[in-house]
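Shown next, in structure tokens, is the structure this report addresses.
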2 protein chains.
Amino acid sequence: MSSSSSSSNEVQHSVTNNSNVSKVVINECLSNDLSNDNEEMINQVKGCYESLPNRIVHEQFLKDFIDVILDKAVFEGTLRNEKVVEWVEPKTLSSLIDLSLPMNGVPQEELLSLTRNIIKYSVKTGHPHFVNQLFSSVDPYGLAGQWLTDALNPSVYTYEVSPVFSLMENEVLKEMRKIIGWEDGQGDGIFCPGGSMANGYAINLARHYKFPEYKETGSTEVSRLVIFTSEDAHYSVKKLAAFLGIGTSNVYCVKVDERGKMCLKDLELRVNEVLCQKAVPLMVSATAGTTVLGAFDPLKEIADICKKYDMWFHVDAAWGGGALMSTKYRFLLDGIELADSITWNPHKLLAAPQQCSTLLVHHEGLLESAHASKASYLFQPDKFYDTSYDSGDKHIQCGRRADVLKFWLMWKAKGTNGFEKHIDRVFELSQFFTNYIRQREGWKLIFEPECTNVCFWYTPPSKRHLKGEQLSNLLHKIAPIIKERMVRKGSMLITYQSLRNLPNFFRLVLQNSGLTKTDMRFFVDEIERLSSDL
Amino acid sequence: MSSSSSSSNEVQHSVTNNSNVSKVVINECLSNDLSNDNEEMINQVKGCYESLPNRIVHEQFLKDFIDVILDKAVFEGTLRNEKVVEWVEPKTLSSLIDLSLPMNGVPQEELLSLTRNIIKYSVKTGHPHFVNQLFSSVDPYGLAGQWLTDALNPSVYTYEVSPVFSLMENEVLKEMRKIIGWEDGQGDGIFCPGGSMANGYAINLARHYKFPEYKETGSTEVSRLVIFTSEDAHYSVKKLAAFLGIGTSNVYCVKVDERGKMCLKDLELRVNEVLCQKAVPLMVSATAGTTVLGAFDPLKEIADICKKYDMWFHVDAAWGGGALMSTKYRFLLDGIELADSITWNPHKLLAAPQQCSTLLVHHEGLLESAHASKASYLFQPDKFYDTSYDSGDKHIQCGRRADVLKFWLMWKAKGTNGFEKHIDRVFELSQFFTNYIRQREGWKLIFEPECTNVCFWYTPPSKRHLKGEQLSNLLHKIAPIIKERMVRKGSMLITYQSLRNLPNFFRLVLQNSGLTKTDMRFFVDEIERLSSDL
């Protein structure tokens with residue numbers, strides 16, 4: 001048993017703004033107080049500012065709060081007959097929710113009413129008709145995992161303060177490495193605040209692996225380092241290259257073929273170009289599942305080129321990584337086991353809640369060697385336990401949320417087999433959608449999808465006679481109009497974009513395995529409805 | 001009203017492993033299905049893998065789950081007569097919680113039982129006797145805010161998918177800038193995944209401000225850039241300097257005085273040294289509340305030096321920033337309004353849940369200029385609404401959690417005045433602790449605290465005759481022993497470390513305003529108890 005010298009009856013004294021409850025709490029405090037700290041306690045209960053939970057003041061509020069969340073956000077918010085978004089313009093929204101920060105706290109009832117409003121005007125990213133981004137769903141087990149994480153409020157840097165999550169991270173990251181195909185799950189890995197950061201870590205590892213001295217000296221006054229990625233790769237490669245002092249112009253965007261896959265000939269051409277310039281071809285960041293088209297770069301062949309030119313081989317599988325869990329679809333990532341590092345975000349294709357991103361590394365010890373600073377206030381050299389479980393010095397973050405628990409809980413609830421079914425289901429639905437629009441008039445696929453991204457144009461009936469540039473101009477113009485209409489109606493959310501010389505097109509993208517074929521037909525019908533008069 | 005063509009009665013079909021519930025769900029699905037998708041639905045309900053919430057399958061589970069969390073983690077976990085930690089060695093812990101990832105999902109009851117175990121063996125960072133890190137508490141309103149964030153699962157990059165949170169971030173960041181003292185809250189700001197990242201952003205802004213071309217060209221083959229920070233500054237300055245390609249050796253650690261404050265003479269000396277070497281003095285990262293001693297650097301004077309030598313002035317107020325909300329203590333940060341950028345983590349002194357970190361910038365437009373990549377799939381140029389609310393391109397992250405909501409809800413619940421009381425309370429308690437140990441035999445303060453860090457040595461009765469090196473050696477040796485004992489007993493958690501030539505000492509650090517003077521006396525008594533035989 002524990003050991004506090006203060007009484008177990010000591011009431012934790014906070015108080016709500018509701019004055020009836022206040023009085024109860026004050027009386028409770030006074031009658032139960034065995035510490036003779038009365039004056040102190042009376043002073044304390046004057047406000048409700050304390051950061052310590054108190055059953056009397058907070059239990060009912062938290063239960064009511066959860067009831068609102070469950071009812072309005074989780075269940076109603078994901079019903080098909082409810083809106084995905086209740087659109088209002090930014091300026092109007094300011095007048096509909098009082099976002100101002102008050103001098104004095106507001107009562108709990110007002111917090112509940114504000115909460116209902118926040119839910120009302122927030123986009124329901126868990127709604128079946130939210131197919132707008134590379135994430136969606138409010139997975140029930142993932143959500144439970146998040147809620148528990150919040151209540152325990154850990155920071156995962158030492159076993160001392162995060163024993164369970166330290167082991168859990170090891171377990172999950174090792175299993176992911178096994179799935180990648182690394183023998184016995186060998187290697188290392190970290191959870192990162194998003195796939196962009198994971199790609200940034202990969203660049204730094206590539207640099208550190210080749211030039212370990214740069215950690216200390218910096219990379220000024222040295223050779224120019226060059227990163228190769230495809231022109232369809234995620235923008236984070238350039239963003240992070242700039243952040244790391246490498247510069248966006250040293251990210252060479254290799255051409256892609258008509259399906260959006262990195263062109264090997266162009267890659268080798270560009271590498272040789274760099275060698276001629278006496279610069280250093282540092283790494284290739286291949287993509288397994290590009291953001292827009294969902295294309296998978298030819299990983300095996302890229303691995304060969306990396307080997308030939310002594311370059312780090314990174315695979316950004318932030319989006320497509322989930323397909324590794326399906327016997328049927330993992331062929332798309334053949335060769336990923338040859339990578340030096342891999343970005344894989346379970347919050348994308350596997351529908352874990354935001355954020356759950358990982359960087360998996362084939363080289364043991366490199367994360368620590370690249371990032372450790374051995375701060376003695378956190379990683380004391382004279383600790384009494386086995387500090388190999390202290391993961392903090394692998395990271396550039398210090399305090400860090402336990403993003404592992406939600407994913408671990410989903411994995412426990414569904415099993416590896418459940419994730420496989422999940423993946424197969426979203427691929428099957430995207431195939432259904434593809435076939436459905438293929439045979440429908442006015443619809444045109446950009447290309448045969450590989451991932452769950454289905455990219456298409458839709459031409460309204462009255463414009464189907466248009467051709468060439470006229471048609472292009474029309475398609476480019478109507479996509480934002482259709483999007484605006486669906487947002488204002490709140491019936492669905494799907495994104496559009498242009499790409500290279502292609503005019504604006506829509507991208508359906510699926511991660512929510514609770515969707516049905518009926519939903520797929522709805523998307524088609526709804527886009528036709530929204531553009532019938534265009 | 002919304003507009004789905006699929007029936008409003010369409011049942012979302014998931015199923016639990018509990019076979020009784022399965023049958024109910026299957027029957028419900030079949031009887032309610034108006035979409036004639038029967039075969040599809042029967043196939044679907046075979047597993048429980050779907051990522052869409054379903055009242056029948058998940059509502060009771062989620063309610064039971066929350067009950068366990070509230071009961072065990074939030075309320076029991078913060079009671080003084082409960083343990084802060086139920087310590088077990090890493091290897092034993094693996095055998096006490098089945099962390100393995102199964103092929104097939106486990107039943108909901110087993111998830112609940114695993115959850116009880118996770119709570120049992122996790123450190124209770126919200127417990128009043130957890131004074132181990134620069135964060136603590138499980139603030140009830142912060143927790144509610146986290147729970148709502150999880151259920152809405154937003155990513156804050158565009159107003160289109162995060163309308164409420166986009167406005168809320170603006171509101172909160174502006175108010176923070178007003179509190180700093182920037183006229184009308186002018187400037188800019190972002191939420192970051194931790195203070196380390198915020199400091200990294202600051203370095204990149206400093207570099208971009210002086211050398212905007214580096215974003216494109218990279219900083220190879222150019223002048224060496226030097227960052228100045230004190231030897232007591234947080235390790236993230238070095239970590240991030242390495243990550244950004246500047247190098248740890250180009251972070252010059254300026255001497256501190258006996259109270260841990262940056263020494264101005266040494267700063268100016270080092271700047272001149274750099275100028276003589278034809279390198280570029282880029283920035284000073286001053287600290288407002290150092291990690292160990294809680295010292296505040298002399299900001300006004302550092303601002304003058306920055307102005308004189310044309311250096312970026314960053315203040316790492318990750319820890320001490322909260323004191324700005326107290327009329328009584330904000331003098332500690334006098335001069336902060338002269339900064340170009342400021343790191344301020346509400347998850348530290350203000351006890352918001354992990355993570356809530358901000359970078360506040362005095363220069364409008366610089367964040368976007370330094371980090372934007374204008375990805376056309378996300379930041380379409382032909383959007384129908386005012387895209388000045390799309391904050392994504394200020395960040396190097398792409399997907400990003402809404403860390404603002406928890407803090408905003410706390411602010412609404414407590415008001416600015418509540419935060420002021422919170423700050424005053426934790427400062428008052430640390431002052432009480434300081435005075436309490438000052439008059440007690442065997443206790444020695446390292447120095448007079450400025451923040452809520454109280455650093456001290458304790459010498460057990462039988463060793464009080466020791467002096468000089470003998471005493472130092474003893475103190476250095478017994479700190480880890482006392483720490484081990486308290487961890488094994490689970491009675492409290494406080495950290496220790498050495499610093500420069502000082503032997504191991506303990507650091508009390510307070511952020512939890514629910515603590516009392518009784519708790520302060522308990523810490524003293526408990527450390528005496530734990531070391532009585534040493």
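Computed from a predicted structure; not experimentally measured. The sequence lines fix the lettering, A, B, ..., with proteins before strands; numbering per chain opens at 1.
Proximity to chain B is limited to the side chain of His234(A), based on heavy atoms less than 4.5 angstrom apart. Only the side chain of Tyr389(A) comes within contact range of chain B, judged by heavy atoms closer than 4.5 Å. Of the atoms belonging to Pro154(B), it is backbone heavy atoms, and not side-chain ones, that fall under 4.5 Å from chain A. Contact annotation for Ile97(A): only side-chain heavy atoms (C-beta onward) come within less than 4.5 Å of a heavy atom of chain B. With a 4.5 Å cut-off on non-hydrogen atoms, Glu89(B) touches chain A through its backbone and its side chain both. Heavy atoms of Val292(A) lying under 4.5 Å from chain B belong exclusively to its side chain. Proximity to chain A involves both the backbone and the side chain of Lys215(B), based on heavy atoms less than 4.5 angstrom apart. Interface residue Leu240(A): only side-chain heavy atoms are found under 4.5 Å from chain B. Heavy-atom distances place both the backbone and the side chain of Ser100(B) under 4.5 Å from chain A. Looking at Tyr214(B), the atoms closer than 4.5 Å to chain A (heavy atoms on both sides) all sit in the backbone: N, CA, C or O. Using a 4.5 Å cut-off between heavy atoms, Leu99(B) contacts chain A through both its backbone and its side chain. Contacts of Val222(B) with chain A are made by both backbone and side-chain atoms, with heavy-atom separations under 4.5 Å. Using a 4.5 Å cut-off between heavy atoms, Thr291(A) touches chain B through its side chain atoms alone. At a 4.5 Å heavy-atom cutoff, the contact between Asn132(B) and chain A is made by side-chain atoms alone. Only the side chain of Phe135(A) has a heavy atom closer than 4.5 Å to any heavy atom of chain B. Residue contact with chain A, scored on non-hydrogen atoms closer than 4.5 Å, involves the side chain of Val487(B) exclusively. Within the 4.5 angstrom heavy-atom criterion, only side-chain atoms of Gln133(A), from C-beta onward, approach chain B.
Counting all heavy atoms, side chain and backbone alike, Cys48(B) lies closest to Lys414(A) at O-CG, 4.0 Å. Contact record, Gly418(A) with Tyr49(B): O-CB, 3.2 Å, taken as the closest heavy-atom pair. Of all non-hydrogen atoms in Ile69(B) and Ala144(A), the two that sit nearest each other are CD1-O, 4.5 Å.
Between Tyr377(B) and Tyr235(A), the angle of the ring planes lies from 30° to 60°, which puts this pair in the tilted group. Ring-plane geometry between Tyr141(A) and His58(B) is classed as perpendicular, the angle between the planes exceeding 60 degrees on a 0 to 90 degree scale with a lower cut at 30.
A donor-acceptor pair shorter than 3.5 Å can be found between the side chains of Asp382(A) and Tyr496(B).
Gln355(B) places a side-chain N or O within donor-acceptor distance of the main-chain N or O of Gly399(A), the cut-off being under 3.5 Å. A donor-acceptor contact shorter than 3.5 Å is absent between the side chain of Ser219(A) and the backbone of Ile246(B). The backbone N or O of Leu52(A) lies less than 3.5 Å from no partner atom in the side chain of Ser137(B), so there is not a single donor-acceptor pair. Distance alone, capped at 3.5 Å, places no donor-acceptor pair between the Thr416(B) side chain and the Leu101(A) backbone. In this structure, the side chain of Ser122(B) does not engage the main chain of Leu152(A) through any donor-acceptor pair within 3.5 Å. One N or O on the side chain of Ser513(B) and one on the backbone of Ser51(A) form a donor-acceptor pair closer than 3.5 Å. Formation of a donor-acceptor pair under 3.5 Å by the Ser94(B) side chain with backbone atoms of Leu167(A) is not found in this model.
If you tally non-hydrogen atom pairs under 4.5 Å between each of Leu225(B), Leu493(B), Val161(B), Thr495(B) and chain A, the highest count goes to Val161(B).
By the 4.0 Å N-to-carboxylate-O rule, Lys483(B) lies close enough to Glu160(A) to be salt-bridged with it.
Rounded to the nearest 0.5 Å, atoms CD (Gln354(B)) and CZ (Arg400(A)) are 10.5 Å apart.
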